[in-house]
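These notes concern the structure reproduced below.
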2 protein chains.
Amino acid sequence: MSMTSTDSNGALPRHYLKPCLLLLLAEGPSHGYELLEQVRRMGIKGAEPGGLYRYLRAMEKEEMVSSWWEPSQAGPARRTYVLTEYGRNGLNESVQSLRDVREILVTLLDRFDTLPTKVAVSRP
Amino acid sequence: MSMTSTDSNGALPRHYLKPCLLLLLAEGPSHGYELLEQVRRMGIKGAEPGGLYRYLRAMEKEEMVSSWWEPSQAGPARRTYVLTEYGRNGLNESVQSLRDVREILVTLLDRFDTLPTKVAVSRP
DNA sequence: GCCTATAGATGTATATTGTATCTATCCGGT
DNA sequence: ACCGGATAGATACAATATACATCTATAGGC
């Protein structure tokens with residue numbers, strides 16, 4: 001643990017970045033830099049280039065995605081990624097586990113909301 | 001990354017275990033062993049004693065909780081934990097960030113559900 | 001005495017992260 | 001021609017976190 005310094009993130013990398021990238025690629029081919037912005041727009045603020053490029057390469061090693069270089073009309077060449085058949089399956093599974101997470105989350109938040117109020121001062 | 005072996009967890013420790021423990025303690029004092037079972041009952045299957053006890057100690061160092069030994073009528077003594085005032089604040093903040101996470105999750109799942117179906121075979 | 005359930009804690013190898021840093025290309029301005 | 005900024009991708013390394021196994025100890029049943 002340690003919980004030392006910046007505890008207030010919202011990054012949640014390994015559990016959200018991966019399904020998030022798979023989803024975005026299921027919506028269409030893309031490249032790292034663009035995915036980074038899309039991921040950030042989705043609200044995952046902690047997304048950072050280092051991790052993102054790593055995940056993409058790792059997913060390629062896993063054969064969830066495949067990629068190739070593509071020249072850009074303006075700027076350096078990009079590595080375009082597409083979801084593989086296997087990756088689409090991975091997305092399905094990933095999503096199923098996210099549904100489970102959502103349920104746990106909802107339960108937890110409900111329980112929080114029904115927590116008895118701190119000091120219920122009796123007002124006569 | 002690596003995503004080597006068991007990717008199919010559901011553990012989600014650092015982001016759920018902490019708020020979860022804070023919530024459970026907000027519901028009333030408890031001790032590690034019991035919290036472990038409660039956490040598991042909540043659906044967090046990956047919870048394991050090692051991590052849990054460490055989180056509790058870490059939270060105590062942070063003064064989110066405080067604890068003392070209490071003899072048990074049957075079995076070894078227990079370390080009873082209660083939420084501190086500061087811990088209650090921590091819970092509030094934790095919950096707020098979980099709400100954010102829930103929203104991202106819902107968005108993501110919605111987007112998944114509206115994904116165009118793979119191969120829409122036209123049936124004449 | 002021995003076994004099991006309860007209870008808490010620690011050691012350690014490995015995995016994951018955050019951060020900084022590096023390379024390179026294209027474009028606009030001067 | 002040269003510079004700086006935006007775009008694009010990648011990697012190295014230290015710091016953290018996690019999973020897993022292991023260890024201690026107590027009470028109760030047999």
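Values below: all heavy atoms of this structure, side chains included; hydrogens, waters and symmetry mates excluded. Below, chains carry the letters A, B, ... as their sequence lines are ordered, and counting in each starts from 1.
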- Message: Measuring to OP1 and OP2 of C/dG8, would you say a side-chain N or O of B/R79 lies under 4.0 angstrom away?
- Response: no
- What's the closest nucleotide to the B/R57 side chain, out of C/dA9, D/dG9, C/dG11? C/dA9
- Give one of base, sugar-phosphate or nothing for B/G51, where a contact means two heavy atoms less than 4.0 Å apart. nothing
- Can you figure out which of D/dA10, C/dA9, C/dT17 approaches the side chain of A/Y53 most closely? D/dA10
- Looking at A/L83, A/L17, A/N89, which hits side-chain contact (heavy atoms from CB on, under 4.5 Å) with A/L22? A/L83
- Task: Name all pairs fulfilling the salt bridge (charged side-chain N to carboxylate O under 4.0 Å, His left out) condition that reach into residues 104-116 of chain B, sequence neighbours left out, sorted by first residue then second.
- Result: A/E27-B/R111, A/R99-B/D113
- Taking only the side-chain heavy atoms of A/Y33 (C-beta and beyond), determine which of D/dC20, D/dA8, C/dG8 contains the nearest atom. D/dA8
- Evaluate the side-chain proximity of A/Y16 to A/V101: yes if any heavy-atom separation is below 4.5 Å, no if none is. yes
- Query: In whole angstrom, what separates B/E34's CD from C/dA5's P?
  - Reply: 19 Å
- Query: Are A/E60 and A/R57 ion-paired here, with the side-chain N under 4.0 Å from a carboxylate O?
  - Reply: yes
- Query: Mind checking who shares a hydrophobic cluster with A/W68, ILVMFWY linked at side-chain heavy-atom distances under 4.5 Å?
  - Reply: A/V82
- Minimum-distance pair of heavy atoms, taken over all atoms of B/A26 and B/R88: CB-NH1, 4.4 Å
Enumerate the protein-to-nucleotides 24-30 of chain C contacts in which both atoms are nitrogen or oxygen and the separation is below 3.5 Å.
residue	atom	partner	partner atom	Å
C/dC27	OP1	A/Q73	O	3.3

- Proximity to the side chain of B/R54 - top-ranked nucleotide from D/dA12, C/dA9, C/dG11: C/dG11
- Task: Measure from CG on A/L36 to P on D/dA10 and round the result to the nearest Å.
- Result: 13 Å
